Amino acid sequence: MERSKNLLIVLVCCMAFSFHSQAQNKTQIYQAFITGNMKLWKTTLDQLEAAPHKSEKECLDLINYYYGYIGWSLGRKGSKKDVQKLMKTMETHLETLDKKNYAPSMVYFYKSALIGFEIGLHNYKAPLIGKKSLDFADQAIKEDPQNPFAYLQVGNIKYYTPPIVGGSKQKALEKYLQALSLAEAGKWQIKQNWNYLNLLATLINTYYELEEYQKAAEFCQKTLQAEPGFEWVKNTLYPQTLKNQSISYEE
């Protein structure tokens, strides 16, 4: 009896430590995102990667952090070799979850995103693997029609595909708005969620590119209401939007 009680205490302590670690990781990633401190992001990523015996949930969180960091690295035109290494590690974690049939909609979403990253590294591959990315995104929707990430990915594909082969920023906007509607309907935890802020920033950028500056400004305000410290929106996207909105009024 005493031995069983001690074992229970150990299990409870381990669970408490795990929950604390997950919360700390999410907080650090969120702070890294809103301040643009990607060194903190990478440090958190490495710490979680080094942790032994990761649960499926921790593995899925880790994949999400790779997803964000790889996307940022591609935007900064970082070393292709370094990005490919990160992508390979992300793919390995996805294979683990795939074999366990854990969160299949999310696994398909990240598989689609990985192909998008590969196209980002090697544009010439787009005609060869682009359809597979869309197929994975569609499968993510079939697995879970309420998954905001799946609609976000379809939107990304529409956004970055050239119009001559079916791409459309307007169609991308529609998918982004679907993702937002689902996210705000309770499919995501909105507070301190970097994915939510990133979706809002994506909508700002899309409205901006469509020259709908009033809508872009409205989403800047919405984003800063959700997180006043989001430096990318506060210091870059919102001032740019207001400047172009002013120019369009003058014209």
Side-chain angles (χ1 to χ4, degrees), residues 14-100 102-122 133 136 140 147-150 152-153 156 183 188-202 227 229-233:
C14 288
M15 289 174 64
F17 178 77
S18 176
F19 290 145
H20 173 74
S21 297
Q22 290 182 48
Q24 184 180 35
N25 290 332
K26 287 185 177 180
T27 298
Q28 289 179 175
I29 290 294
Y30 182 78
Q31 288 299 318
F33 182 73
I34 66 173
T35 61
N37 184 353
M38 298 310 287
K39 287 185 178 180
L40 175 60
W41 189 301
K42 186 62 164 58
T43 297
T44 307
L45 185 64
D46 291 342
Q47 288 174 345
L48 185 52
E49 181 64 60
H53 311 302
K54 289 180 277 291
S55 68
E56 285 87 354
K57 177 62 171 63
E58 287 171 328
C59 190
L60 190 63
D61 286 342
L62 179 58
I63 290 168
N64 180 255
Y65 303 156
Y66 273 110
Y67 164 73
Y69 192 80
I70 292 168
W72 172 80
S73 298
L74 286 172
R76 301 282 292 186
K77 300 188 182 300
S79 164
K80 286 188 177 182
K81 186 177 180 180
D82 290 342
V83 172
Q84 286 174 325
K85 184 177 179 181
L86 292 167
M87 288 170 58
K88 183 61 180 175
T89 305
M90 177 178 165
E91 184 178 20
T92 299
H93 289 303
L94 276 174
E95 290 172 355
T96 298
L97 295 186
D98 198 10
K99 289 176 182 178
K100 295 181 178 180
Y102 182 84
S105 179
M106 291 301 297
V107 169
Y108 278 118
F109 156 64
Y110 287 122
K111 284 183 176 181
S112 176
L114 269 176
I115 294 176
F117 293 153
E118 183 67 24
I119 293 172
L121 284 174
H122 307 286
S133 179
F136 280 144
N147 182 359
F149 284 105
L152 168 64
Q153 181 59 15
N156 287 338
W188 282 355
Q189 178 182 330
I190 300 302
K191 188 175 181 180
Q192 292 197 334
N193 183 345
W194 82 266
N195 297 285
Y196 176 62
L197 293 184
N198 187 58
L199 175 56
L200 291 177
T202 299
E227 177 47 73
F230 191 3
E231 293 186 7
W232 182 30
V233 173

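Just so you know, these numbers come straight off a predicted model, no measurement behind them.
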L74 CG to K80 NZ distance, which is reported to the nearest 0.5 Å = 10.0 Å

note = On a heavy-atom basis, the closest approach of M90 and I63 is CE-CG2, 4.0 Å

task = Test N64 against F149 for side chain to side chain contact (heavy atoms under 4.5 Å, CB included), laying out the working first.
result = CA-CA 11 Å; N64 180 255; F149 284 105; 4.1 Å; yes

inquiry  = Minimum heavy-atom separation for V83 and S73, please, with both atom names.
reply    = CG2-CB, 3.8 Å

request  = Give the minimum heavy-atom separation between A140 and F109, together with the two atoms involved.
outcome  = CB-N, 3.8 Å

Minimum side-chain heavy-atom gap N37-Q31 below 4.5 Å = no

ask   = Quick one: NZ on K57 to CG on L97, what's the gap to the nearest 0.5 Å?
value = 11.5 Å

Side chain to side chain contact (heavy atoms under 4.5 Å, CB included) between L199 and N195, worked out = CA-CA 6 Å; L199 175 56; N195 297 285; over 6 Å; no

request  = Measure the spacing between OH of Y69 and CG of L45 and express it to the nearest 0.5 Å.
outcome  = 8.0 Å

request  = Show your reasoning for whether side chain to side chain donor-acceptor pair (under 3.5 Å) applies to Y108 and Q153.
outcome  = CA-CA 10 Å; Y108 278 118; Q153 181 59 15; over 6 Å; no

request  = Anything under 30° is parallel, anything over 60° is perpendicular, the rest tilted; go ahead and classify Y110 against Y67.
outcome  = perpendicular

inquiry  = Restricting to non-hydrogen atoms, name the atom on E231 and the atom on T35 that form the minimum distance, rounded to 0.1 Å.
reply    = OE1-O, 3.4 Å

request  = Report yes if the side chains of N156 and L152 come closer than 4.5 Å at any heavy-atom pair, otherwise no.
outcome  = yes

query = Is the ring centre of F33 less than 6.0 Å from the ring centre of W232?
reply = no

message = Working to the nearest 0.5 angstrom, can you tell me the gap between K26 NZ and Y65 OH?
response = 6.0 Å

request  = Determine, step by step, whether F117 and L114 satisfy the side chain to side chain contact (heavy atoms under 4.5 Å, CB included) criterion, reporting the C-alpha distance in whole Å, the side-chain angles of both residues, the deciding distance to 0.1 Å, and the verdict.
outcome  = CA-CA 5 Å; F117 293 153; L114 269 176; 4.2 Å; yes

request  = Give the C-alpha distance, both sets of side-chain angles, the deciding distance and a yes or no for side chain to side chain contact (heavy atoms under 4.5 Å, CB included) between Q28 and Q47.
outcome  = CA-CA 11 Å; Q28 289 179 175; Q47 288 174 345; 4.0 Å; yes

ask   = Can you check whether I119 reaches H122 side chain to side chain, under 4.5 Å on heavy atoms?
value = no

remark   = Rounded to the nearest 0.5 angstrom, the CD-CG distance for E118 and L121 is 6.0 Å

key: Audit row: N25, D61, side chain to side chain donor-acceptor pair (under 3.5 Å) steps and yes/no   = CA-CA 9 Å; N25 290 332; D61 286 342; over 6 Å; no

ask   = What distance do L86 atom CG and I70 atom CD1 have between them, rounded to the nearest 0.5 Å?
value = 5.0 Å

ask   = Which heavy atom of V107 sits nearest a heavy atom of Y102, and at what distance?
value = CG2-O, 3.4 Å

inquiry  = Could you report the tightest heavy-atom contact between W41 and A32, atom names first, then the distance?
reply    = N-CB, 3.7 Å

Atom CD of Q189 with >12 non-hydrogen neighbours under 6.0 angstrom = no

ask   = Are any non-hydrogen side-chain atoms of E227 and Y30 less than 4.5 angstrom apart?
value = yes

